[in-house]
Amino acid sequence: MTTDNFETIIIGSGVAATALTYRLLCKNPNASILILEAGQKVKMQDAAIWQDYILSGKLPYEKYYDLDYPDRDRPGENINAGKTTVPLMGSRVITYGGSTIHWGGWSFRLKPEDFRLYSNTGSNLDWPFNYNELEPYYCEAEHYIGVSGDSEDPTVPRSQTYPFSAFPYTWEDKPVAEAMRASGIAYSHLPIARRGITNTVSRHAPCQTTGTCKYCPFGARFSANNFLDDMLDSGSFPNLEVRLNSVVEKVVMSECGNIAKGVAYFENDNKTRNNTNTLYAEAERIIIAAGTIESSKLLLRSKYDKFWRNGIGNDRDLVGANLVTHPYFIFTGQRAKNSQLEQSEMNFPTLCSRHFDSEEEQAEGKFILINPPSSPKINLLSKMQAGLNYADINNYIEGENWIELHGMVEIFSERNNRISNFDKINKMGMPQTLVDFSQSYDFDRRMKYIQKQVKKIFNAMDASLIGKPSISWRADHAACTLRMSDSETFGVTDPDMRVHGVDNLYVCSNASFPSTGAVNPTLTLTALALRLGDHLNKKTNAQG
């Protein structure tokens, strides 16, 4: 049996893996790092792929989505066992670069009170450190992923400016902003990981606002695969290696059970899973950065009779438990007239409100509001294709239209909400996922309160609320299943993201979050990855 040896093995190739690798290699460019990625590579910044997307609407990475729903041509993947369906399809991309290959780029910081959830509300967990501990890393993360934002926005304390200025509010933001002001609701620029116009880097050009953000032809929107390519192509890091189509089966432990020796994995050919072709790699430390779902499933299936009989870190049945995600809601309103001729200008939002993302709302569940680029719902292309003349098109734009407000609401961990392995294999050669989740008894009451606030805004826009909101529980922001805690009684990982009871095994993932607040987790995860890199570098120096 041949076994490769490295200083560090990182499982996954998304933003956490990329930022951590960057941090480790900045300290020691000759460090030997192996990245194992279950998926394949999608070519980015390719003019032909971009043009095909424009013409067909088909994205080159959709084939690396989960298959959740059965249809005539293909079987579904993954099982939902709870009362609330949490779809995986579209929530993640199993490929080189991870989910940043398709994300929207929204780059919010958590607020100081988010780190004190238990102290403020008496439920769930506090983070094992406060906002001030992570604040310098937030600054570095914003520069690393290239965030454009309003540095004067007082919503969250900051010690440094954003690297790029905020994208300006659009014409379609104007009525929403006026309505929020009239309703006493604060709003601000949405911070987003798209390089602004002051950027001079030629390899990844600044945003050109093409409206084709799902496949950026310029590399303006942060995508981890672009940055991994940069590191690999630079020639500065001779011992960095990425192996694609490499599905990790389990973490291999020492006989004493407190040291991770390496990993067992196989090369997936996307047709059959050949368990007889197991490969091994060893390292001084192992970092699991495979996302909340796969990181938890990997620990669960890393079982040993003498120790960790239920999976590594799972003596207290906490691995995979306490699953949360962000319910994403859409409210729709109807206006009799669009007198200002608002219509979509860009393919990403520029106005948000964190007014209800506050300590006062924390006990009930904080939420944010977003003015989406699809509001008002006007489709000029369809009218032009139908042959309407200029006057008819102008009447269409100016006439009755539908508007939307989007948002996300914080929910709290419940131990019975969990994910685990299912005994079938998906198309990537990985075990399918069993999701057991049920929304809390008071969620509907919370949504009624949110609807009341949205109705005020719609009324101020002379719009009528239409029906109830649509709500998606899709697992885009799945988190908290391997949460950090000072004590192994309450969590799986310690404040340095190390698995309790194992000296050299870490989880750099949303799974390590004790809670998620009401905002996207990517910026916080990037900050945590940079922080973990500093911790590992210091530990290496101390040992050396």
Checklist entry - Below 4.5 Å, heavy atoms only, C-beta onward: do V435 and N78 meet side chain to side chain? => result no
Checklist entry - Are the ring centres of F367 and F356 closer than 6.0 Å? => result yes
Item to check | Face-on cation placement of R418 at F437 ring, 6.0 Å and 45° thresholds | outcome: no
Checklist entry - Are any non-hydrogen side-chain atoms of P521 and F108 less than 4.5 angstrom apart? => result no
Checklist entry - Where do N225 and S223 land on the side chain to side chain donor-acceptor pair (under 3.5 Å) test, with the steps shown first? => result CA-CA 6 Å; N225 49 348; S223 186; 2.4 Å; yes
Checklist entry - Is there a side-chain contact between F115 and L134, using heavy atoms and a 4.5 Å cut-off? => result yes
Next on the checklist: Just by distance, no angles: are the side chains of N120 and Q362 close enough, under 3.5 Å, to form a donor-acceptor pair?
Outcome noted: yes
Item to check | Criterion side chain to side chain donor-acceptor pair (under 3.5 Å) on W127 and S515, from CA distance to verdict | outcome: CA-CA 8 Å; W127 284 59; S515 61; 3.2 Å; yes
Item to check | Charged N-O contact under 4.0 Å between R445 and D442 | outcome: yes
Item to check | Plane angle bin for W106 and Y328 - parallel if under 30°, tilted between 30 and 60°, otherwise perpendicular | outcome: tilted
Checklist entry - Does the side chain to side chain donor-acceptor pair (under 3.5 Å) test come out yes or no for S119 and D126, once each step is laid out? => result CA-CA 7 Å; S119 296; D126 284 346; 2.5 Å; yes
Checklist entry - Where the side chain of H406 meets the backbone of I330, is there a donor-acceptor pair that is under 3.5 Å apart? => result no
Next on the checklist: Between the side chains of D357 and K366, is the shortest nitrogen-to-carboxylate-oxygen separation below 4.0 Å, so that they form an ion pair?
Outcome noted: yes
Next on the checklist: Whether E488 and R316 form a salt bridge (side-chain N of Lys/Arg under 4.0 Å from carboxylate O of Asp/Glu) is what I want to check.
Outcome noted: yes
Checklist entry - If every non-hydrogen atom of A81 is compared with every non-hydrogen atom of L434, which pair is closest and at what distance? => result CB-CD1, 3.9 Å
Checklist entry - Are Y138 and T524 linked by a side-chain donor-acceptor pair shorter than 3.5 Å? => result yes
Next on the checklist: Once rounded to the nearest 0.5 Å, what's the spacing between atom CD of E294 and atom CD1 of I419?
Outcome noted: 8.0 Å
Checklist outcome for this item: Closest non-hydrogen contact found for T212 with P217 is OG1-CD, 3.9 Å
Next on the checklist: Would R221 and F218 count as a cation-pi pair here, with the cationic atom under 6.0 angstrom from the ring centre and within 45° of the axis?
Outcome noted: no
Checklist entry - Where does the angle between the aromatic ring planes of W473 and F443 fall among parallel (under 30°), tilted (30 to 60°) and perpendicular (over 60°)? => result tilted
Checklist entry - What do you reckon, is OH of Y118 surrounded by more than 12 foreign heavy atoms closer than 6.0 Å? => result no
Item to check | K214 side chain near Y61 side chain, heavy-atom distance below 4.5 Å | outcome: yes
Checklist entry - Which heavy atom of Y506 sits nearest a heavy atom of D496, and at what distance? => result CD2-O, 3.4 Å
Checklist entry - Salt bridge check: are R116 and E113 linked by an N-O gap of less than 4.0 Å? => result no
Checklist outcome for this item: On a heavy-atom basis, the closest approach of A511 and T292 is N-OG1, 3.0 Å
Item to check | 4.5 Å side-chain heavy-atom contact, E77 and T433 | outcome: no
Item to check | Whether R446 side chain and G365 backbone form a donor-acceptor pair below 3.5 Å | outcome: yes
Checklist entry - Is a side-chain N or O of Q208 found less than 3.5 angstrom from the main chain of P206, in a donor-acceptor match? => result yes
Next on the checklist: Would you say that more than 12 heavy atoms from the other residues, nucleotides or ligands in this model lie under 6.0 Å from the CZ of F490, or not?
Outcome noted: no
Checklist entry - Among side-chain atoms of S188 and D150, is any donor-acceptor pair under 3.5 angstrom? => result no
Next on the checklist: Heavy-atom count check: over 12 atoms from other residues, nucleotides or ligands less than 6.0 Å from E152 CD?
Outcome noted: no
Next on the checklist: Between K468 and D444, does any side-chain N to carboxylate O distance fall below 4.0 Å?
Outcome noted: no
Item to check | Identified side-chain hydrogen bond (donor to acceptor under 3.5 Å, both in side chains) partner of Y65 from the options K427, R92, H102 | outcome: H102
Next on the checklist: Can you confirm whether H355 sits close enough to I368 that some side-chain heavy atom of one is under 4.5 Å from a side-chain heavy atom of the other?
Outcome noted: no
Next on the checklist: Whether E178 and K174 form a salt bridge (side-chain N of Lys/Arg under 4.0 Å from carboxylate O of Asp/Glu) is what I want to check.
Outcome noted: yes
Next on the checklist: Tell me if the aromatic rings of Y169 and H189 count as close, with their centers under 6.0 Å from one another.
Outcome noted: yes
Next on the checklist: For E410 versus H326, what's the shortest heavy-atom pair and its separation?
Outcome noted: CA-CD2, 4.3 Å
Checklist entry - Roughly how far apart are H477 NE2 and I411 CD1, rounded to 0.5 Å? => result 12.5 Å
Checklist entry - Regarding S485 and S487, is there a side-chain donor-to-acceptor distance under 3.5 Å anywhere? => result no
Checklist entry - Which heavy-atom pair separates R335 from D462 by the least distance, and what is that distance? => result CG-O, 3.9 Å
Checklist entry - Is a side-chain donor or acceptor of S148 paired with a backbone partner of R194 at a separation under 3.5 angstrom? => result yes
Next on the checklist: Tell me if the aromatic rings of F227 and F222 count as close, with their centers under 6.0 Å from one another.
Outcome noted: yes
Next on the checklist: Between S512 (side chain only) and M497 (backbone N and O only), is there a donor and an acceptor less than 3.5 Å apart?
Outcome noted: no
Checklist entry - Just by distance, do the side chain of T121 and the backbone of S123 share a donor-acceptor pair under 3.5 Å? => result yes
Next on the checklist: Can you see whether T155 engages D153 through a side-chain donor-acceptor pair at a distance of less than 3.5 angstrom?
Outcome noted: yes
Next on the checklist: With side-chain contact (heavy atoms from CB on, under 4.5 Å) as the criterion, how do S107 and E142 come out once you've worked through the C-alpha distance, each side chain's angles and the decisive distance to 0.1 Å?
Outcome noted: CA-CA 8 Å; S107 300; E142 288 163 348; over 6 Å; no
